[in-house]
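As a basis for the values below, the full set of heavy atoms in this structure was taken, side chains included, without hydrogen atoms, waters or symmetry mates. Order of the sequence lines fixes the chain letters, A, B, ..., with proteins taken first and strands second; residue numbering starts at 1 for each chain.
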Protein chains: 2
Amino acid sequence: MTGPRKARRATVHDVAAAAGVSRGTVNRVLNGGYVSSDARAAIEAAIAQVGYVPNRAASQLARQRSQAVGFLALEPHSLLLEDPNIGSIMLGANAVLSLADHQMVSLVIDSDRDMQRVGRYLSGGFVDGAIIVSARSHDPITRLIAEIRLPATFVGHPPDLDRSIPFVGIDNIGSARAVTQRLIETGRRRIGMVAAALDRDSGADRLTGFKQALGDRFDPALVVDVPLYDYAYGVKGMRALLDREPTLDGVFAASDAVAAGALETLREAGRRVPEDVGLVGFDDSSWAMRTQPSLSTVHQPAREIGRHAAESVLRQIAGDPVEPSVLLDSPVVWRRSA
Amino acid sequence: MTGPRKARRATVHDVAAAAGVSRGTVNRVLNGGYVSSDARAAIEAAIAQVGYVPNRAASQLARQRSQAVGFLALEPHSLLLEDPNIGSIMLGANAVLSLADHQMVSLVIDSDRDMQRVGRYLSGGFVDGAIIVSARSHDPITRLIAEIRLPATFVGHPPDLDRSIPFVGIDNIGSARAVTQRLIETGRRRIGMVAAALDRDSGADRLTGFKQALGDRFDPALVVDVPLYDYAYGVKGMRALLDREPTLDGVFAASDAVAAGALETLREAGRRVPEDVGLVGFDDSSWAMRTQPSLSTVHQPAREIGRHAAESVLRQIAGDPVEPSVLLDSPVVWRRSA
DNA sequence: TTGTAAGCGTTATCAT
DNA sequence: ATGATAACGCTTACAA
């Protein structure tokens, strides 16, 4: 219970002394190399005895790499708290980084101050690469990364992408088209959309897909848009839509959270789903299974996305060629809401 | 577009050369100290000109500290994906660390391999301290932290706490008692509990509070317990409870997720909430507002918890005294389910 | 197979 | 106010 607040940590030097060999030899048993079994045994004993733990900062400085990869989510806090996919993306990415013996460090950016500090962290050589979720290319971090040529890949398609940074994502347009298409096929005639986050590529693309599916029958009056992928905005958007077009019988909500809000509004308005109105969402997030009825939606292969992003970064770090973009399959899953 | 894969980065040395001064002087403008304004101007110009960015690994090595604090969530992936509070805790912690110019790095532990690697990371001097969410003291990481005397504080009360590590949390027993109490006061006579995660202190404490509130009227037959705080287990637990005691009119679910599952089961069984059965949860997570009706529950001040934890770690790093434990207020919030 | 020594980029001490 | 210079702990040629 007593003792120095911070004991001096044993170094390679101490191990070498304890084992009666040179530091070079110690390093060889640590990092692989030719060592006699006598020496190896002595050194391993010494390591245990003095309680040696390597100092990564020193190693990083000498090697000029950190064996760490940053994971950044660039978004108002809401992302971290609300986004159903981000956790899975992290886990997917971590799984492959872990296998490659890289430490994933996730950095939260929640203020300008954070932005600055993280910038310094990244440029400080603390990570060999980075995975960036939902960046826009005017983000300071994005510029910084391009500038310092840090191996990085985006998750999601930044709108005006810096072509030098690869990305992995899904085909929002195609999936939105597909999900709308089925709404049409199941006989809905007046189909509206609660679009969201049109300032992001994902939001804009989902609207584009919706338009494409409807073709000539597309009616701009049947689209309302809200700023965020969010339950409360789903409520708001659906109310507006219902005001404009009380006879509507199909709705594409830009995300499951939005769909959940829309569902609540429809219920309040006395519309049954799916009997009176067919409703589809996007994301296949935890919302989708929790609503009553469960939501038909587009599945995002979040885990896979994370894996691919990590692989892409690792390849860049290794200096291997990478695909500038990969789009993963995001199939429509039909449940009960449409 | 062309150029070296990785440009050599400018160092203090380069800056010094470009400004025609010594490295010492450069360092002084970087880290504060007496510098003539001439020199300062020249150096600042040189910094911009050569594009100097400090190397944190070198700095860390020299200073023997990293200005970084680790954030670890020790739990099966589910935590990261499901736990509604963890994001808020992170944000709260990050806010205070950020103000103190510390980088929060969150490390995911999702496998034994991760555990090992993170262990090395922590002992490698990459962080000056750590915040640990939901550890148990037999966790290897917990032992390690105690061993290397890394400044750390727990979030949540580890069951058999290593007294040398402070913690911040809430009073699970008291809050469970309070929430059960109100169930009693509103006239419920046959009150059951879907307990969960009894192998954790939070789970066990909530059950204890429940017992305390009921006193003599506590009936062990009205408690079922499930392994995890989870919707699916809520369904399962509630079914079991209903089988045992069809006449029950009040239920305390160990978490909002569990309560949501229980709610669904009650609905399927034709019981109206709150008319036939009063239901309360715990956490005040996003579930609470999403269910129909919304859940009465116990509010966890997650943001505050994060802040306190961060402050505690910073104080330890600074060598200041810290409270061995702080319990934050977790008020009951009444909504519509009871 | 093992030892030696020169870095890696900063910081800190001590003269000047 | 400024300039040398020695750490910091590890890696990596190169010698032996």
Any B:S22 side-chain N or O less than 4.0 Å from OP1/OP2 of D:dT2: no
I'd like to know if the side chain of B:N55 reaches the main chain of B:A58, judged simply by a donor and an acceptor atom lying under 3.5 Å from each other, with no hydrogens or angles considered. yes
Whole Å only: how far is the CG atom of B:N27 from the P atom of D:dA6? 17 Å
Starting at CD1 of B:I43 and ending at C1' of D:dG3, how long is that distance when rounded to a whole Å? 12 Å
Interface with DNA chain C, restricted to residues 52-62 of chain A and to heavy atoms under 4.0 Å: A:L61, A:A62
With a 4.5 Å cut-off on side-chain heavy atoms, are B:Q103 and A:V118 touching? yes
Walk along DNA chain C from 5' to 3' and tell me the first and last nucleotide with an atom closer than 4.0 Å to a non-hydrogen atom of chain A. C:dT1 to C:dG9
Using side-chain heavy atoms (C-beta onward) and a distance below 4.5 Å, is A:H308 in contact with A:S312? no
Within the structure provided, determine whether B:E323 and B:P166 are in side-chain contact (heavy-atom separation under 4.5 Å). no
Closer than 4.0 Å, any side-chain N/O of B:Q64 to the OP1 or OP2 of D:dA7? no
To the nearest Å, how far apart are A:Q67 CD and D:dT11 P? 11 Å
D:dC10 C1' sits how many Å from B:R120 CZ, rounded? 16 Å
Counting distance only, does the side-chain N/O of B:R9 pair as donor-acceptor with the main-chain N or O of A:S123 below 3.5 Å? yes
Applying side-chain contact (heavy atoms from CB on, under 4.5 Å) to B:L74 and B:V133, what does each step give before you reach the verdict? CA-CA 6 Å; B:L74 298 176; B:V133 178; over 6 Å; no
Once the angle between the rings of B:F126 and A:F126 is folded into 0 to 90°, is it parallel (under 30°), tilted (30 to 60°) or perpendicular (over 60°)? parallel
Any donor-acceptor pair under 3.5 Å from B:N31 side chain to B:R28 backbone: no
When you match A:N31 and B:V21 each to their closest nucleotide on DNA chain D, which lands nearer the 5' end? B:V21
